[in-house]
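Notes follow the structure.
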Amino acid sequence: MSDRHEHTHPHHHRHSLRHRLSHLLTPHSHETADKVDSALESSARGMRALWVSLAVLGVTALAQALVVAVSGSVALLGDTVHNTADALTAVPLGIAFVLGRRAATRRFTYGYGRAEDLAGLVIVLTIAASAAFAGWTAIDRLLDPRPVQHVPAVAVAALVGFAGNEWVARYRIRVGRAIGSAALVADGLHARTDGFTSLAVLLGAGGSALGWQLADPIVGLAITAAIALVLRDAAREVFRRVMDAVDPALVDRAERALTEVPGVCGVGELRLRWIGHRLRAEVAVVVDGDATVRGAHRIAVDAEHALLHAVPRLTAALVHADPEPAPGEADPHLALAHHTAA
């Protein structure tokens with residue numbers, strides 16, 4: 001028996017006194033409108049993070065571009081290009097957040113949350129391109145050393161670039177983790193790589209001021225390696241999200257919550273998946289084989305209710321009730337065996 005529920009369920013089920021009191025004293029709401037409002041609030045926070053970071057990086061890139069115009073610094077030009085590219089990564093992510101607000105359709109029955117994962121892939125590719133560009137620039141400068149002009153102005157612009165990128169990185173990563181957006185976290189990591197590039201410009205300019213022209217390309221190569229490490233972390237996070245990976249601790253937490261539900265005799269297959277920055281669950285629970293349809297339904301509703309409380313950012317759960325096996329009774333799923341065989 002498969003149960004899919006709206007959360008307008010009454011609270012007059014036969015629970016223990018402790019469960020009733022806990023339910024009454026815990027502020028909550030699982031109405032469909034409340035879940036939509038929560039999802040929209042998460043998307044709104046993500047959009048706000050994108051707009052704010054876009055403004056900060058836009059000002060940073062503009063300030064650096066002015067210094068490039070008067071100094072002719074190729075290294076600072078590269079850093080400015082990085083910052084501009086980082087600001088522009090907000091575009092695919094912003095589109096993904098907007099799409100994620102759209103309601104599910106008969107074609108996209110889970111909605112459009114996966115657009116966020118596609119944006120994450122675009123961001124990872126952008127980080128990879130930034131690493132390649134930084135490496136190519138460093139090698140070119142190593143083969144053809146050139147002095148840096150107007151070192152003080154370049155140094156100040158590099159510091160501005162680092163400060164702007166690091167602030168944006170912290171802001172994006174904090175909001176991304178708060179709303180469960182792997183793409184926004186990856187975008188924050190991308191901003192951090194551009195901050196490293198700004199430091200490369202600063203250190204390279206300092207070395208050039210001391211008469212060591214190879215300082216700029218050597219530091220540039222070191223920063224390229226640092227960008228590659230950040231790329232690895234961002235790619236891992238986005239790849240796991242695309243492959244429906246979740247933190248095993250969430251699975252343990254969900255199982256513990258289900259085992260505490262009155263009437264649940266056991267927990268079968270449990271699946272969690274991210275759709276954008278929201279979680280969905282599918283689970284089979286074992287109930288008394290002699291339970292009525294209404295009784296099994298009540299237990300399934302209670303199980304879903306427990307999951308919504310226990311698992312952060314979980315917005316929907318599909319609960320299937322299996323009868324507890326009886327001695328000599330055939331497997332109730334035997335008719336499905338030939339469909340699930342490898």
Side-chain angles (χ1 to χ4, degrees), residues 1-26 28-32 34-35 38 104 109-111 113 180 240-241 243-275 278-342:
M1 179 176 62
S2 181
D3 297 283
R4 183 169 185 141
H5 320 290
E6 295 293 336
H7 301 293
T8 57
H9 50 276
H11 299 299
H12 57 271
H13 302 141
R14 297 186 298 274
H15 292 170
S16 66
L17 177 61
R18 180 180 63 82
H19 186 79
R20 285 170 177 264
L21 291 175
S22 175
H23 189 281
L24 290 172
L25 296 175
T26 303
H28 64 283
S29 177
H30 303 308
E31 298 291 335
T32 302
D34 293 326
K35 291 194 292 186
S38 177
T109 55
Y110 280 95
R240 286 176 176 173
R241 185 62 61 87
M243 294 299 293
D244 286 333
V246 297
D247 186 351
L250 289 178
V251 180
D252 296 338
R253 189 170 182 174
E255 288 180 338
R256 285 195 301 269
L258 289 169
T259 57
E260 295 175 359
V261 175
V264 173
C265 303
V267 180
E269 188 176 52
L270 171 62
R271 294 180 178 178
L272 295 172
R273 75 184 325 186
W274 288 98
I275 299 180
R278 297 183 286 275
L279 275 170
R280 294 182 65 95
E282 298 175 7
V283 61
V285 296
V286 180
V287 302
D288 186 352
D290 294 327
T292 64
V293 173
R294 291 186 182 278
H297 180 271
R298 173 182 58 80
I299 295 171
V301 169
D302 292 344
E304 183 177 4
H305 193 179
L307 284 175
L308 290 167
H309 275 296
V311 181
R313 290 186 289 274
L314 180 68
T315 58
L318 180 65
V319 181
H320 176 85
D322 284 332
E324 193 173 19
E329 183 181 39
D331 183 356
H333 300 105
L334 189 60
L336 304 175
H338 67 285
H339 291 288
T340 57

Please list, chain by chain and in numerical order, all residues satisfying side-chain contact (heavy atoms from CB on, under 4.5 Å) with [X], sequence neighbours excluded.
X      : value
Val246 : Val251, Leu272, Trp274, Leu279
Asp290 : Asp288
Pro312 : Leu250, Arg253
Ile275 : Tyr110, Arg273, Arg280

Minimal non-hydrogen separation, [X] against [Y], with atom names:
X      : Y      : result
Pro323 : Gly289 : CB-CA, 3.8 Å
Val261 : Asp302 : CG1-CB, 3.7 Å
Ala284 : Asp322 : CB-OD2, 3.8 Å
Ala104 : Gly111 : CB-N, 3.6 Å
Glu255 : Leu270 : CG-CD2, 3.5 Å
Val319 : Ala303 : CG1-CB, 4.2 Å

How many angstroms lie between atom CD of Glu282 and atom NE2 of His320, to the nearest 0.5 angstrom?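 Spacing of CD (Glu282) from NE2 (His320) equals 11.5 Å.
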To the nearest 0.5 Å, what is the distance between CG (Leu318) and CD (Glu304)? 8.0 Å
Sequence neighbours excluded, which residues qualify as side-chain hydrogen bond (donor to acceptor under 3.5 Å, both in side chains) partners of Arg240?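 Counting only residues at least two positions away or on another chain, Arg240 forms no side-chain hydrogen bond (donor to acceptor under 3.5 Å, both in side chains).
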Salt bridge between Arg256 and Asp252, side-chain N to carboxylate O under 4.0 Å? no
